[in-house]
Amino acid sequence: MSPVVLKLTWEALQETLLMVGVATVLAELGGLPLGVLLVTTAPGRILASPRLHHVLGLIVNVGRSIPFIILMVAIIPFTRWLVGTSIGTTAAMVPLTVAAIPYVARLVESSLNEVDPGVVEAAVAMGATPWQVIWKVYLPEAVPSLILGGTITAITLVGYSAMAGAVGGGGLGDLAIRYGYQRFRTDVMLVTVAVLVVLVQGIQYLGSYWARRLDRR
């Protein structure tokens, strides 16, 4: 590989890490409370509100139903209004975050539903408030599963970021399209694929490692 290809690959990797890192953090911040509400407002739960639960579930399902490439194009006016541009790494973070929030919400819901109902009932019986149950029972008990969910989210966003690169989002996807596909550079395509494989493996290893470390069972 030429020094130019190595330089371009390193710059593209940095852009992908930035996009995925920021989008994952923002998606977790938005999806975590939404997932908690999905669990706690379900019938028979500590904040039971069937109507609110139904509305939240509908919103999440609609968000998850839209393919990312369509969502990215559909919210271009919102992206441009929010960050001042619709192309580049910063702009790509907006649709990545919007697409990931409902995804995270369902993962959080699944993680919290794995918590032993007996532990929750015991906390309620001892007089714990709904907030205390969420903060001291649900979230601590579900930490390993939540970490694995965050790992899945980050890996999914790596794939989404590659799609974003196809329409000017920057990162490894942009490198593969502009320098690999359009210029018939097979070496660039192979390097991009190799970097993506290593990146995904690294994310999965770290997520699994910390999930095992924090598993109290």
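Because the structure is predicted, anything quoted here is derived from the model rather than measured.
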What closest approach, in Å, do Ala100 and Leu157 show between heavy atoms, and which atom pair accounts for it? CB-CD2, 3.9 Å
Applying the 4.5 Å side-chain criterion to the ILVMFWY set and letting contacts propagate, would Val133 and Val119 be lumped into a single cluster? yes
From Leu18 atom CG to Leu13 atom CG, the distance as rounded to the nearest 0.5 Å: 11.0 Å
Is Val143 reachable from Leu107 through a run of I, L, V, M, F, W or Y residues, each pair having side-chain heavy atoms under 4.5 Å apart? no
Taking only residues two or more places apart in sequence, or in another chain, which ones meet Glu109 in a salt bridge (charged side-chain N to carboxylate O under 4.0 Å, His left out)? Arg106
Check side-chain contact (heavy atoms from CB on, under 4.5 Å) between Val198 and all other residues, then give those that pass, not counting sequence neighbours. none
For residues 26-76, the ring pair (Phe, Tyr, Trp, His ring centres under 6.0 Å) pairs (sequence neighbours left out) are Phe68-Tyr160
For a side chain to side chain contact (heavy atoms under 4.5 Å, CB included) check, start with the C-alpha distance between Tyr209 and Leu206, then their side-chain angles and the critical distance, and finish with the verdict. CA-CA 5 Å; Tyr209 171 79; Leu206 289 175; 5.6 Å; no
Sequence neighbours left out, what passes ring pair (Phe, Tyr, Trp, His ring centres under 6.0 Å) with Trp131? Give chain and number order. Trp135
If you look at every heavy atom in Leu172 and Thr16, which pair is closest and at what distance? N-OG1, 2.9 Å
With clusters built from Ile, Leu, Val, Met, Phe, Trp and Tyr whose side-chain heavy atoms come within less than 4.5 Å, directly or transitively, what are the remaining members of the cluster of Val193, listed by chain and number? Val197
Sorted by chain and number, sequence neighbours left out, side-chain hydrogen bond (donor to acceptor under 3.5 Å, both in side chains) with Tyr205 holds for none
Heavy-atom nearest pair, Ala27 first then Ile101, reads CA-CG1, 3.8 Å
Check for me, please, whether Met93 and Ile69 land in the same ILVMFWY cluster - side-chain distances under 4.5 Å, paths through other members count. yes
Walk me through it: do Asp116 and Glu141 pass the test side chain to side chain contact (heavy atoms under 4.5 Å, CB included)? CA-CA 9 Å; Asp116 185 358; Glu141 290 291 324; over 6 Å; no
Taking all non-hydrogen atoms of both residues, which atom of Ala23 and which atom of Leu96 are closest, and how far apart? CB-CB, 3.7 Å
Step-by-step side chain to side chain contact (heavy atoms under 4.5 Å, CB included) determination, Val188 to Leu175: CA-CA 8 Å; Val188 175; Leu175 176 66; 4.0 Å; yes
Cluster check Leu146, Leu38: I/L/V/M/F/W/Y, side chain < 4.5 angstrom: no
Val83 side chain near Val94 side chain, heavy-atom distance below 4.5 Å: yes
Using side-chain contact (heavy atoms from CB on, under 4.5 Å) as the criterion, list what pairs up with Val25, not counting sequence neighbours. Leu29
Please examine the side chains of Val120 and Pro117, heavy atoms only from C-beta on, and report whether any two atoms are closer than 4.5 Å. no
Do Gln132 and Thr129 come within less than 4.5 Å of each other through their side chains, counting heavy atoms only? yes
Among residues two or more places apart or on two chains, list those pairs meeting salt bridge (charged side-chain N to carboxylate O under 4.0 Å, His left out) that have a residue in residues 8-35. Lys7-Glu11
How far apart are the closest heavy atoms of Ala211 and Ile147, and which atoms are they? N-CG2, 4.1 Å
Between Pro43 and Ala48 the two heavy atoms that sit nearest each other are CA-CB, 4.4 Å
Can you list the residues that meet the side-chain contact (heavy atoms from CB on, under 4.5 Å) rule with Leu37, with sequence neighbours excluded? Thr40, Thr41, Leu56
Before you tell me yes or no, could you show the steps for Leu199 and Leu17 under side chain to side chain contact (heavy atoms under 4.5 Å, CB included), namely the whole-Å CA-CA distance, both residues' side-chain angles and the distance that decides it to 0.1 Å? CA-CA 9 Å; Leu199 178 59; Leu17 290 173; 3.5 Å; yes
Group every Ile, Leu, Val, Met, Phe, Trp and Tyr by side-chain heavy-atom contacts under 4.5 Å, then state whether Ile152 and Met19 land in the same group. no
Just jot down the salt bridge (charged side-chain N to carboxylate O under 4.0 Å, His left out) partners of Glu121, sequence neighbours excluded, or say none. none
Sorted by chain and number, sequence neighbours left out, salt bridge (charged side-chain N to carboxylate O under 4.0 Å, His left out) with Arg178 holds for Asp174
Under 4.5 Å between any side-chain heavy atoms of Thr79 and Pro95, yes or no? yes
Name all residues meeting the side-chain contact (heavy atoms from CB on, under 4.5 Å) criterion together with Leu112; count only those two or more places apart in sequence or in a different chain, and write none if there are none. Val36, Val39, Val108, Tyr138, Leu139, Ala142
Is there side-chain contact between Arg80 and Thr85, with at least one heavy-atom pair below 4.5 Å? no
